[in-house]
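What you see is a predicted model, and the numbers here were worked out from it, not measured in a lab. Indexing begins at 1, ligand by ligand and atom by atom, following the structure's order. For this chain, numbers begin at 1 and follow the sequence in order.
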Amino acid sequence: MTARLDAYVAALDRAAAHTRAWLASMPDRPVPPSATADELRRSLGGPLPEGPTDPADVVDLLAGLAEPGLMAMPSGRFFGWVIGGTLPAALAADWLVSAWDQNTGMRFATPGTAAAEEAAAAWILDVLGLPAGADVGFTTGATMAHFTGLAAARQQVLTAAGWDVNRLGLTGAPRIRVLVGRERHETVDLALRYLGLGTPEVVSCDDQGRLRTDALAELLGDGPTIVCLQAGNVHSGAFDPVGAATALAHEHGAWVHVDGAFGLWAAAAPRLAHLVEGRPAVDSWTTDAHKTLNVPYDCGIAVVARPHAMRDAMGMHASYLVHDDGVGDPFERVPELSRRARGVPVWAALRSLGRSGVADLVDGLAGHARSIAEGISRVPGAEVLNDVVFTQVCASFGTDERTRAVTARLLADGVTWMSGSRWRDRDVLRVSVSNWSTDADDVTAAVDAVHRAAAAT
Ligand SMILES: *Cc1c(COP(=O)(O)O)cnc(C)c1O
């Protein structure tokens, strides 16, 4: 046993040293990787060794070989896609989760991690202003949180129409209409596809990408219906009118699901909570902890308000499991049976920040987004295309061609990373401020880099 323990300690000590070096490199490191996946396939690949390698040596090998291919996503100068950083408490808790190796499916078997997740779930509902009794499941990400919430939706709207989908399946079922805003995230469509619900009907949006309630009113009718709203548009950061659209949808008996992958966290900041007004009336929500809350990948959160709806859709019974018939087991709230205790880093993040810390985190991200937008708008020929209400900024540099050229030059420069995209029929440079560690110096460095790229283009 001593030999086994020694092997763990040696390997983990190496991992800790490499972690320290990686994090220490963040302040000065260029953001982009310096090697491509094809190059790294060669160094990391080749024939499988015929025999064993010492675990600590494996850690050294891996860290050394993978390093040139790592994007500095934890850097405060990284603003690509919508990618959160990692809070210290959450990263360390994630290490413990791996070391503990608890298969967190059953309360009876892993009470330590199950209880930490239940505590984290209650804090999430509290800090996001969602109904205290709602069910919470920790999924791999927002995509699977959509899947979970929309599975509950599918089951409930069909039950209301007199159809037991768990027993009868979808063949011959009443048709479910699904209405989504034109600018919903594509993962909503993906989850609908997983659920056999086909391609949704599209509701038109305003110039910020917000679903228009008048257009929704025209499309709503009778019969089983699910309405998917969005809190936080990946381009503009804009929020659908959640309260008004939910009230309208409920008049028609529809289920309302909200994609708040990053935007739902506005609810945690008193100055921004008005953006998600009316959220307690919603039936199911998706959010990510690995974005705005800054826990390591992978951690999405599915919240379902209607009693039993989540467990009716996701639960199962098997004779060899030990079931908790009261509170319910973790596996009844997610698609998987076996899984890591991914809610534990959420517990650690929230425990370390406290209520004011979460509010400051979210406020800070939105404040930095405003500063970046101001800085970019001073670039000759640049135009910020969205109202910067939250963490997202979209800018054009005149023609699509110039915008693409500025983006390419900026990424080659390496000081910062922002993604190119297309929004409202224009090429854009897209900024998402999602990392707790971004500070005023990072903002200045990033804006300066944009000025340099534009001046040279
Ligand atoms: C990132 C994102 C998703 C998908 O989330 P994953 O965690 O990558 O599955 C869905 N909706 C919105 C608005 C997002 O920003």
Side-chain angles (χ1 to χ4, degrees), residues 71 73 78-86 90 94 124 128 136-151 178 180-195 200 205 208-211 226-240 242 245 256-267 272 275-276 279 282 284-303 334-336 339-340 342-343 345-346 349 362 365-366 369 386 389-394 418-419 421 423 428 430-435:
M71 169 85 92
M73 287 184 175
F78 180 85
F79 303 103
W81 304 286
V82 185
I83 307 258
T86 301
D94 205 55
I124 296 260
L128 296 180
V136 178
F138 293 99
T139 61
T140 48
T143 308
M144 290 316 283
H146 288 332
F147 177 78
T148 304
L150 292 169
V178 184
V180 301
R182 183 172 300 284
E183 294 201 15
R184 83 284 180 192
H185 197 271
E186 287 75 5
T187 52
V188 172
D189 298 49
L190 190 59
L192 292 170
R193 215 188 312 150
Y194 293 162
L195 289 162
C205 288
Q208 295 298 311
R210 291 176 293 230
L211 172 138
I226 300 169
V227 174
C228 298
L229 305 175
Q230 177 165 258
N233 175 304
V234 289
H235 286 102
S236 65
F239 292 70
D240 288 349
V242 169
V256 177
H257 175 78
V258 171
D259 176 0
F262 66 96
L264 194 52
W265 293 91
L272 299 167
L275 293 168
V276 267
R279 65 196 172 283
V282 166
S284 57
W285 301 262
T286 282
T287 193
D288 265 329
H290 59 214
K291 289 181 179 172
T292 313
L293 187 61
N294 280 246
V295 308
Y297 285 88
D298 46 17
C299 190
I301 299 170
V303 181
V334 291
E336 306 87 2
R339 66 172 174 86
R340 69 190 274 102
R342 61 171 63 92
V346 174
V362 178
L365 302 177
N386 64 310
V389 294
F390 197 50
T391 53
Q392 311 294 106
V393 182
C394 266
M418 300 169 179
S419 338
S421 186
W423 186 52
V428 291
R430 225 182 113 264
V431 176
S432 176
V433 188
S434 303
N435 191 327

Chemist: Ligand 1: which protein N/O atoms lie under 3.5 Å from its N/O atoms?
Modeler:
unit_1   : atom_1 : unit_2 : atom_2 : d
ligand 1 : 5 (O)  : Asp288 : OD2    : 3.3
ligand 1 : 7 (O)  : Ala142 : N      : 2.8
ligand 1 : 7 (O)  : Asp288 : OD1    : 3.2
ligand 1 : 7 (O)  : Asp288 : OD2    : 2.7
ligand 1 : 7 (O)  : His290 : NE2    : 2.9
ligand 1 : 9 (O)  : Ala142 : N      : 3.2
ligand 1 : 9 (O)  : Thr143 : N      : 2.8
ligand 1 : 9 (O)  : Thr143 : OG1    : 2.6
ligand 1 : 11 (N) : Asp259 : OD1    : 3.2
ligand 1 : 11 (N) : Asp259 : OD2    : 2.7
ligand 1 : 15 (O) : Lys291 : NZ     : 2.8

Chemist: Quick one: CD1 on Ile124 to CH2 on Trp265, what's the gap to the nearest 0.5 Å?
Modeler: 4.0 Å
Chemist: Taking C-beta and beyond as the side chain, do Asp240 and Arg184 meet within less than 4.5 Å on heavy atoms?
Modeler: no
Chemist: Between CD of Glu183 and CG of Asn233, what distance do you get to the nearest 0.5 Å?
Modeler: 5.0 Å
Chemist: Distance check, rounded to the nearest 0.5 Å: Lys291 atom NZ versus Ile301 atom CD1?
Modeler: 12.0 Å
Chemist: Which heavy atom of Ile83 sits nearest to which heavy atom of Met73, and what is that distance?
Modeler: CG2-SD, 3.9 Å
Chemist: Could you give me the CA-CA distance, side-chain angles and deciding distance for Val82 and Gln392, then say whether side-chain contact (heavy atoms from CB on, under 4.5 Å) is met?
Modeler: CA-CA 9 Å; Val82 185; Gln392 311 294 106; 3.8 Å; yes
